[in-house]
Every structure is written in C-alpha cells, then in structure tokens.
Amino acid sequence: MSRTVMGQQHKLPDVLWFACAVAALGGFLFGFDMAVVSGTLPLVTEQFSLSAFQQGWFVSSALVGCIVGVAVSGELGDRYGRRRALLLAAVLFLVSAVGSGLLPSFSSIVWARLLGGVGVGIASSMVPLYISEIAPARIRGRLVTYYQLAVTFGILMAYLSNAFLLHRTYDTGAQASGWLGVAFDEEVWRGMFMVEALPALVFLLGLMAIPESPRWLIQQGHTAAGMALLGRFVGEAEAQADAESRQRQSRQRQAAYRELFAPKWRGALLLGLLLPLFSQFCGINAIIYYGPSILKATGVSLTNSLQSQIVFGVANLLFTLVAVWKVDKLGRRPLYLAGTVAAALSLMVVGACLHAELTGGLLLGAVIVFLASFAFSIGPLKFVVAAEIFPAAIRGRAMALSIMVMWVADTIIGQLTPVLLEGIGTAFTFWFFALWCVLAFITVYRLLPETKGKSLEDIERRWLENR
C-alpha cells in the first residue's frame, strides 16, 4: 500500500500495519468488554434477583477495575514496556471472559468483571501510546483514530453477538449438551461473556508476534536496537530526525503536576477535566449498559431491545467516521457545539417519549440522533482537545488526568443510573442527562478556542496571552 507525501512515493512497511492491527485489537476488546454487559444485565438480574444497587455494582465493578488499570498502566508501561503491559491486559481479558462465563456465584462473576476492567484500563492507555510511538508522523493521527474506530466496532460486535445468542436460544430453540448447553442455552448470558475469549486469545497471540515500542527501547538505553527498529517503522530519515528532536527535548525541564494548576493553564485544565466528565454524564453509557433494560421496562421484548442496540451500535460507528472525516475541516469548536445541542434536544425527546409511554419509531429515532451527536462530537473530541490545549511539558500528565476523570465519571454513572431509573424514573433520568449536555455547550462556548490548523506553539501562546 502506497502513500504520496510531498511529491515522493512512500511504501508503508507491513510490520507497521500488522503491529497497529494487533494493537487495535485492544481497542476492540475495550469496546466489547464495556458493551457486552448491556445484554447480560437483564438476564443476570433475573437469575440472581439483583437489587438496583447490585445492578449498579455489576456494571461499575468493571469500571472500578478500569481506574486501577489506568492508575498502574503508566508505571507498567514505563518500567516493563508497552508490549508487556498489553500482554498483561490480554491475559486479563481472557481470564475475565472465561471466568464471567463459568464462575457460579454473583460475587465471583463481579471479581472476574473487575479483572477485565483492569485490562480495559491498561489497554485504554497503552494501545494509543504504542501506536503513536511506532507510527510515521504523517499518518500518526489517522492510525490513532483507527483505534477509536476499533472501540466502536467492538461495541457493535458485542451487540451483534448478544442478539445472535439470544435469538439462537429463544427463537430457534437450538440446544447444546454439557457445559456448553449451560453457557449457551440454559444461562445464555454466560455465553455472551465467553464470546470475548476468542478475540482476547487472538490479541494475546498477536502481541507475541509484534516488537516492543522502539521509542521505549531508546528511553531504556537500548539506542542501537531502538533506532534500528524505529527505522523499520518510520524510515531512516524520520528516525534520524526524531533522534535529533529527542536530544533537544531532553535538555528541557520537565514540568510537575502542580504546574497544571497555575493560573495561566486554568482554562485549559478546566476543559481537560470537564470534557471527559461531560462525555460520561451526558448519558452515553446509560444507552450502552442499560439500553435493553430500559427498553424492556417500557414493554419492548428483550430480543427486540437487543436488536435496537445493534442499530445504536451502527449509528455510533458510522458517525465516529464523520468525526474522523470532518474534525480537521470544520474544526473542534463547531462540531462540539452542534453535537451538544443535538444531544440535549434528542435526550429531551427520549425523556418525553418515555414519560408518555411511546415506544415506537420516535423513541428509537431520538436515541439514534443522540448517539450520532455523541459520536461526532462529545465522544472523540474530548481527547483531541486535551492533546492540543496543553504545552508539551505537561501534556502527558494532563492526558493521564483526563483519562482518570473519564473512568471515575464512568464508574459513578454505572452505579448511579439504575438508582436514578428506580428513584426518579426513566423520563427524568434522560432529562437529567440532557442538562449535562447543556452544561457542556456552555462550557465549550465560553472556554474553548478553535484549535483547527494552529500549531501547538500558537495554542500555547494563546493561553499565555489571555491569562
């Protein structure tokens, strides 16, 4: 496969595409692991007679694991390498999938989900870092964005596999014998979890076949091996230029966490913290985790509600492609403002439909509009913005802080949603989420400068001039 850059023909090496494809499986598993619970939740709730609090813990246990995974991922990745950290994540994905499908008690299944969450947390940090460290500069943004697409594809495949297994058991009456009969027929939610074991195993085997990040090798003092490997990925010219740039940066002072709170970065810090918070409190994971339960409560059959989730997943995937296509043309600020307005309005319509007990095309259409709005704005732009608004000296720390806020907010929403659904009802729950979309619009309108087409130095200068 060839690319033309500055009038020259560049053939991208096969090792680059293979390594990126393997790493992106981590994103696929990230999305699958987070979404598969939507199909299992109603069935697990019925089998174990879960309370609203237990439902929240069943969902948020994986999110607690994500926080732990993010917290340790930096140390693991810096000390033992990106590839070894990802190998640990792959093992945890595999153990979680098998354990969730085979363990007998609710508490043991929760522990398996928590281990899977640790794997998700590690992957959410290490996969984009690994890809960015092996990618040529001219296509780095696109390759990292493909990781985000892999996440949405994983979500869609979780919906598809859940719906297929439920259809196989309830509609066709297919039966298997032995433990397969238990996992895929009598307690079909176990099979839903165990499907993840296959991509997890492929991820584990693939990681054994790809090299370590060359930039990590260089950081560890293995300069010759790292430079040789980097040349294979990005070409000798870019590898040499990267080495010279690294020598200049090594003379710059590294910033501490406390510098994030300096007055000159206050606006940037607020955006870096609030955008990932808004991305969770807008209600996206109420759709991903609790969609079938919500639709079932309104009278829609479980099979049809899972089929609706497939439509939701397709919308999420397609409109993420819109963000990839338009973010550098239309700009971050217009996309985010348009997306939050559409998301708020669609959530208000969802709440109105549920309040009036309307379960037809209007409800489904409103949910799809919300997912589309989220996919081209609130979802992907939080990290695009966070990666641009901070100077290089504190960008890595700021990004880590943003990821931590995202997972903490995700955990809160996972625990809070069933309590809200039971306490104030489905309509007011979605109106509550709409309020957060309005707050997101106000925040971006007042604080976010347009960063499209501007160098990082220009963006940094803008904050310094307006402090």
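This one's a predicted model, so the numbers in the text were calculated from it and none came from an experiment. Positions are given from 1, in the same order as the sequence printed here.
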Between the side chain of [X] and the main-chain N/O of [Y], is any donor-acceptor distance below 3.5 Å?
{"X": "S125", "Y": "I122", "value": "no"}
{"X": "R333", "Y": "V444", "value": "yes"}
{"X": "D33", "Y": "G117", "value": "no"}
{"X": "R82", "Y": "M126", "value": "no"}
{"X": "S108", "Y": "S105", "value": "yes"}
{"X": "R190", "Y": "G101", "value": "yes"}
{"X": "S96", "Y": "F93", "value": "no"}
{"X": "R113", "Y": "G65", "value": "no"}

**Closest contact, heavy atoms only, I155 versus G31** = CG1-O, 3.5 Å
**Prompt:** Do you know the tightest heavy-atom contact between G206 and F18?
**Reply:** O-CE2, 4.5 Å
**Asked** W407 and F30: ring-ring contact (aromatic ring centres under 6.0 Å, His included), yes or no, with the steps?
**Response** CA-CA 13 Å; W407 286 122; F30 170 1; 5.4 Å; yes
**Asked** Quick one: are F370 and I284 in side-chain contact, heavy atoms under 4.5 Å?
**Response** yes
**Asked** W436 vs F278 aromatic rings, parallel, tilted or perpendicular, using cut-offs 30° and 60°?
**Response** tilted
**Request:** Quickly, which of L88, V91, L87 forms a side-chain contact (heavy atoms from CB on, under 4.5 Å) with L207? Name it, please.
**Result:** L87
**Prompt:** Can you list every side-chain hydrogen bond (donor to acceptor under 3.5 Å, both in side chains) pair that touches residues 191-211, not counting sequence neighbours?
**Reply:** none
**Item:** Worked check of side-chain contact (heavy atoms from CB on, under 4.5 Å) between F164 and L160
**Value:** CA-CA 6 Å; F164 171 78; L160 288 170; over 6 Å; no
**Message:** Using the ring pair (Phe, Tyr, Trp, His ring centres under 6.0 Å) criterion, which residues pair with F203? Sequence neighbours excluded.
**Reply:** none
